Trainee: 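First the structure, which I've put down as structure tokens, then a few questions once you've had a look.
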Amino acid sequence: MLTEKTLEKIEQIQKNYHSKKSAVMGALMAVQRDSGNNLTREDMEAVARILEVNPVEVHAVAGFYTMYNWKKPVGRNHIQVCWNLSCSLLGAEHLISYIEKSLGITVGETTPDSLFTLSTVECLGSCGTAPMMQIGDDYYENLTEEKIDTILADIRARS
Amino acid sequence: MEKILLKNIDKPEAYKLENYVANGGYKAVRKALEMDPDHIIQMVKDSNLRGRGGAGFPAGLKWSFIPKDPTIQKYLCCNADEGEPGTFKDRAIMDNDPHLLLEGMMITCYAIGASIGYVYIRGEFEYGAAKLEDAITEAYEKGFLGKNIFGSKFSLDLYVHRGAGAYICGEETALLESLEGGRGQPRKKPPFPALAGLYAKPTVINNVETLGSIPAIIEKGPEWFKAIGPEKSPGTRICGVSGHVKKPGLYELPMGTPLRELIYDHCGGMRGDKKIKAVIPGGVSAPMLVEADLDTPMDFDSMGAKGTMLGSSAVIVMEEGTCMVKVAYITNRFFSHESCGKCTPCREGTSWLTRVLHRMEHGEGRAGDVELLESLCGNIFGRTFCPLGDGAVMALRGALKHFREEFVYHVAHKKCMATTE
Ligand SMILES: Cc1cc2nc3c(=O)[nH]c(=O)nc-3n(C[C@H](O)[C@H](O)[C@H](O)COP(=O)(O)O)c2cc1C
Ligand code: SF4
Ligand code: FES
């Protein structure tokens with residue numbers, strides 16, 4: 001079930017376009033944000049109904065873009081470490097292993113308390129401050145082991 | 001040198017409209033609105049401004065393809081997908097000086113007769129998207145957007161469309177598919193977007209940096225612009241430098257600045273004063289250069305003559321000791337991951353290349369693997385639906401051209417000759 005707030009957001013997004021279908025991406029993202037960063041089949045179908053688009057097309061969109069989380073649920077803090085070239089040149093691989101060890105999970109997994117999911121991602125457009133990662137909406141740049149310790153500790157303390 | 005694109009970047013709260021105006025902003029658009037749209041197109045043509053998104057297509061020429069019929073809806077789409085690995089320049093403009101982009105878009109829309117413009121921004125740029133949204137809201141509040149801008153007959157609406165993670169959406173026709181709410185897969189050309197683009201209407205697609213150069217051209221004139229850098233490829237360029245240099249970051253320099261000057265004078269040279277092994281001059285799709293090529297000027301034509309591309313002028317610098325098999329593996333893994341799956345040579349070819357490079361890199365290379373890479377490249381190149389597949393091949397061929405013996409060594413000795421790994 002979509003909340004009032006989400007429905008309002010979708011209503012607003014539609015105003016940006018002449019075609020309802022153009023609002024599919026924004027609508028899916030709005031739903032995902034309001035549902036703990038995850039998307040379900042039912043959510044996709046609801047979006048299809050509201051925007052009068054064939055559900056198959058909405059599924060296709062959700063499947064095409066990497067930021068929609070529906071294949072498996074992600075934790076409350078989605079850590080996405082860039083492993084493209086500029087970050088790799090400055091030690092991304094090592095940092096990924098370091099985070100794996102600190103969290104006790106490997107890339108692609110979620111901690112048992114659902115606090116963290118760890119993923120690798122392609123270039124996030126922050127190569128001048130490599131190595132870097134994104135957690136939720138925020139970028140963390142010029143990473144070192146010490147910085148990672150602090151970032152993870154802060155998140156643990158907040159939750 | 002006078003900066004055009006990053007001039008406000010370090011000023012406090014440059015993203016606010018009042019500060020942009022205080023720094024001389026929104027003068028160019030007022031001037032433009034008093035001119036004939038065709039005159040603006042001519043000015044941009046005369047300036048020789050070439051697209052900063054990758055291909056270097058002349059901006060004024062692109063605009064001139066838009067039909068003049070005032071009854072047809074036209075669109076401008078700003079390409080802010082910034083996905084080419086190594087590139088982080090457009091983000092700096094959107095995060096810090098969004099009104100520069102808005103002003104460039106306003107002038108462009110007026111020149112081509114578009115009453116609606118979209119900024120297609122990659123989904124991960126949450127901060128930049130918010131800054132743009134705020135800037136647009138402020139502009140509406142002040143009457144800089146909406147109906148009858150500055151009391152003229154010109155009306156314009158601008159919107160932000162957010163991507164959701166797909167490098168291919170930087171390709172202009174895939175971007176349009178995505179804006180229409182579908183999977184971002186490239187379209188067949190022709191028809192070109194200038195005739196049938198967004199919602200099958202005439203559409204101009206320009207990069208953020210291209211549009212950000214427009215206000216200065218209108219304000220100071222094409223001759224002024226053309227006097228910066230080489231005449232056929234003029235203006236300033238934001239070079240985004242990453243990798244093993246002492247001071248990575250963004251440097252706005254005249255087009256045609258040699259790579260050596262960029263790396264040694266501006267970026268402080270190499271970390272640990274090591275030697276340079278290779279430099280990628282324009283994002284990972286651009287074939288790499290070596291130390292002997294460092295005096296090449298960074299402009300479209302000079303880089304083309306060296307068999308590579310200026311692309312997005314994302315300069316990735318690699319020091320002596322960097323494993324080129326690993327570099328090739330990482331680069332190809334990216335292309336394979338981002339292949340949109342529409343055509344077989346790219347979809348199957350890049351994933352096969354990645355498998356072979358993966359086993360080489362992990363000490364499991366097989367006899368004949370280097371030749372296999374070369375033959376796969378031959379089967380992909382020139383046979384793909386869009387340039388992504390060719391980009392993958394060009395990048396790999398660049399590495400093989402300069403460092404083939406490293407690939408051979410990896411297969412024969414199951415380890416790297418460049419590093420101790
Ligand atoms: C695979 C691929 C990815 C691209 N990614 C981008 C991008 O992220 N940003 C961009 O401005 N242009 C990108 N381009 C180039 C666009 O297709 C297009 O040429 C450009 O946006 C035109 O604007 P310009 O003339 O101002 O450079 C890409 C092209 C290809 C083939
Ligand atoms: S070359 Fe690759 S990205 Fe381009 S259309 Fe073919 S599969 Fe898609
Ligand atoms: S390579 Fe990591 S942000 Fe670009």
Side-chain angles (χ1 to χ4, degrees), chain A residues 13-30 32-33 39 47 51 53 57-69 80 82-90 92-93 119-132 134 136-139 141-142, chain B residues 73 82-92 116 118 122-128 130 157 159-167 169 178-185 198-199 240-244 248-250 280 283-284 314 316-319 322 326-327 330-331 333-334 337-338 340-341:
Chain A
I13 294 167
Q14 283 185 61
K15 292 187 184 147
N16 296 357
Y17 311 97
H18 287 319
S19 143
K20 284 190 179 219
K21 193 172 171 220
S22 283
V24 168
M25 289 178 73
L28 285 175
M29 199 52 83
Q32 175 165 303
R33 278 186 171 270
L39 263 186
V47 165
L51 298 177
V53 174
E57 294 185 68
V58 177
H59 290 162
V61 168
F64 186 81
Y65 299 93
T66 56
M67 286 173 67
Y68 298 119
N69 303 320
Q80 299 184 284
C82 170
W83 68 343
N84 210 300
L85 187 54
S86 306
C87 287
S88 292
L89 291 172
L90 296 178
E93 205 171 88
S119 308
T120 51
V121 284
E122 297 303 345
C123 177
L124 288 172
S126 196
C127 330
T129 43
M132 64 80 63
Q134 181 170 26
D137 289 338
D138 301 320
Y139 276 25
E141 303 167 293
N142 295 310
Chain B
Q73 173 71 51
E82 188 138 271
E84 180 67 27
T87 316
F88 51 100
K89 62 186 178 69
D90 299 337
R91 177 177 158 225
I116 297 177
Y118 291 98
R122 65 178 292 178
E124 296 87 346
F125 285 173
E126 176 68 27
Y127 184 84
D157 289 310
Y159 304 99
V160 176
H161 181 92
R162 305 196 45 190
Y167 164 67
C169 290
S178 182
L179 243 169
E180 290 183 11
R183 290 181 295 176
Q185 291 185 315
L198 185 62
Y199 309 127
V241 189
S242 63
H244 297 139
L250 297 173
I280 295 173
V284 297
I316 307 172
V317 188
M318 293 170 266
E319 67 193 14
T322 306
K326 188 169 191 170
V327 169
I330 290 171
T331 308
R333 179 180 69 194
F334 163 76
H337 182 258
E338 298 300 333
C340 82

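Owing to the predicted nature of the structure, the values given are computational and were not obtained by experimental measurement. A note on names: the letters A, B, ... follow the listed sequences, proteins ahead of strands, and every chain is numbered from 1.
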Trainee: Between B:His337 and B:Tyr167, is the gap from one ring center to the other below 6.0 Å?
Mentor: no

Trainee: Who wins among A:Val61, A:Leu28, A:Leu51, A:Leu124 for the most heavy-atom pairs under 4.5 Å with chain B?
Mentor: A:Leu124

Trainee: Using non-hydrogen atoms and a 4.5 Å limit, figure out which bit of A:Gln134 sits close to chain B: side chain, backbone, both or neither.
Mentor: side chain

Trainee: Of the non-hydrogen atoms in B:Arg183 and A:Ala60, which two are nearest, and what is the gap between them?
Mentor: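 Looking at all heavy atoms of both residues, the closest pair is CG-O, 3.5 Å.
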
Trainee: Just jot down the side chain to side chain contact (heavy atoms under 4.5 Å, CB included) partners of A:Met67, sequence neighbours excluded, or say none.
Mentor: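 Checked A:Met67 against side chain to side chain contact (heavy atoms under 4.5 Å, CB included); matches are A:Met29, B:Glu124, B:Ala164.
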
Trainee: Select one option (side chain, backbone, both, neither) describing which atoms of B:Leu250 are under 4.5 Å from chain A's heavy atoms.
Mentor: neither

Trainee: Where on B:Ile316 is there a heavy atom nearer than 4.5 Å to chain A: the side chain, the backbone, both, or neither?
Mentor: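 For B:Ile316, the side chain is the part near chain A, not the backbone.
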
Trainee: Contact part of B:Cys169 toward chain A, heavy-atom cut-off under 4.5 Å: side chain, backbone, both or neither?
Mentor: side chain

Trainee: In Å and rounded to the nearest 0.5 Å, what is the CE to OG distance from A:Met132 to B:Ser242?
Mentor: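 Between A:Met132 CE and B:Ser242 OG, I get 12.5 Å after rounding to 0.5 Å.
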
Trainee: Select one option (side chain, backbone, both, neither) describing which atoms of A:Ala130 are under 4.5 Å from chain B's heavy atoms.
Mentor: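 Answer is neither: A:Ala130 stays 4.5 Å or more from chain B.
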
Trainee: Heavy-atom cut-off 4.5 Å, strictly under: side chain, backbone, both or neither for A:Tyr139 against chain B?
Mentor: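 Side chain only.
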
Trainee: Does the side chain of B:Ile280 reach to within under 4.5 Å of the side chain of B:Thr331, using non-hydrogen atoms?
Mentor: no

Trainee: Shorter than 4.5 Å, heavy atoms on both sides: which option in B:Gln185, B:Arg333, B:Lys89 has the most such pairs with chain A?
Mentor: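 Top count of heavy-atom pairs under 4.5 Å with chain A: B:Arg333.
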
Trainee: Please identify, among B:Tyr118, B:Phe125, B:Tyr159, the residue contributing the most non-hydrogen atom pairs under 4.5 Å to chain A.
Mentor: B:Tyr159

Trainee: Using non-hydrogen atoms only, which part of B:Glu319 is less than 4.5 Å away from chain A: side chain, backbone, both, or neither?
Mentor: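 When you check distances to chain A, no heavy atom of B:Glu319 falls under 4.5 Å.
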
Trainee: Using heavy-atom distances under 4.5 Å, tell me whether B:Val284 contacts chain A through its side chain, its backbone, both, or neither.
Mentor: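 It is the side chain, since no backbone atom gets that close.
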
Trainee: Working to the nearest 0.5 Å, report the span between NE2 of B:His161 and CG of A:Asn16.
Mentor: 9.5 Å

Trainee: Give the member of B:Gly83, B:Gly249, B:Gly123 that has the highest number of heavy-atom pairs under 4.5 Å with chain A.
Mentor: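 Among B:Gly83, B:Gly249, B:Gly123, the one with the most close pairs to chain A is B:Gly123.
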
Trainee: For chain B, which candidate among A:Val24, A:Val53, A:Asn84 shows the most heavy-atom pairs at distances under 4.5 Å?
Mentor: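 Highest number of heavy-atom pairs under 4.5 Å: A:Asn84.
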
Trainee: I'd like to check A:Ser88 versus B:Ile330 (side-chain heavy atoms, cut-off strictly below 4.5 Å). Are they in contact?
Mentor: yes

Trainee: Check step by step if side-chain contact (heavy atoms from CB on, under 4.5 Å) holds for B:Ile116 and A:His18.
Mentor: CA-CA 10 Å; B:Ile116 297 177; A:His18 287 319; 3.4 Å; yes

Trainee: With a 4.5 angstrom heavy-atom cut-off, is it the side chain or the backbone of B:Phe334 that approaches chain A, or both, or neither?
Mentor: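 Both backbone and side chain.
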
Trainee: Please identify each residue that fulfils side-chain hydrogen bond (donor to acceptor under 3.5 Å, both in side chains) with A:Ser126, with sequence neighbours left out.
Mentor: A:Thr129, A:Glu141, B:Arg91

Trainee: Select, from A:Ser19, A:Gly125, A:Gly136, the one with the greatest count of heavy-atom pairs under 4.5 Å involving chain B.
Mentor: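 With the most close heavy-atom pairs to chain B, the winner is A:Gly125.
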
Trainee: Does A:Lys15 come within less than 4.0 Å of B:Asp157, counting only side-chain N to carboxylate O?
Mentor: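 Salt bridge between A:Lys15 and B:Asp157, a charged N being under 4.0 Å from a carboxylate O: no.
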
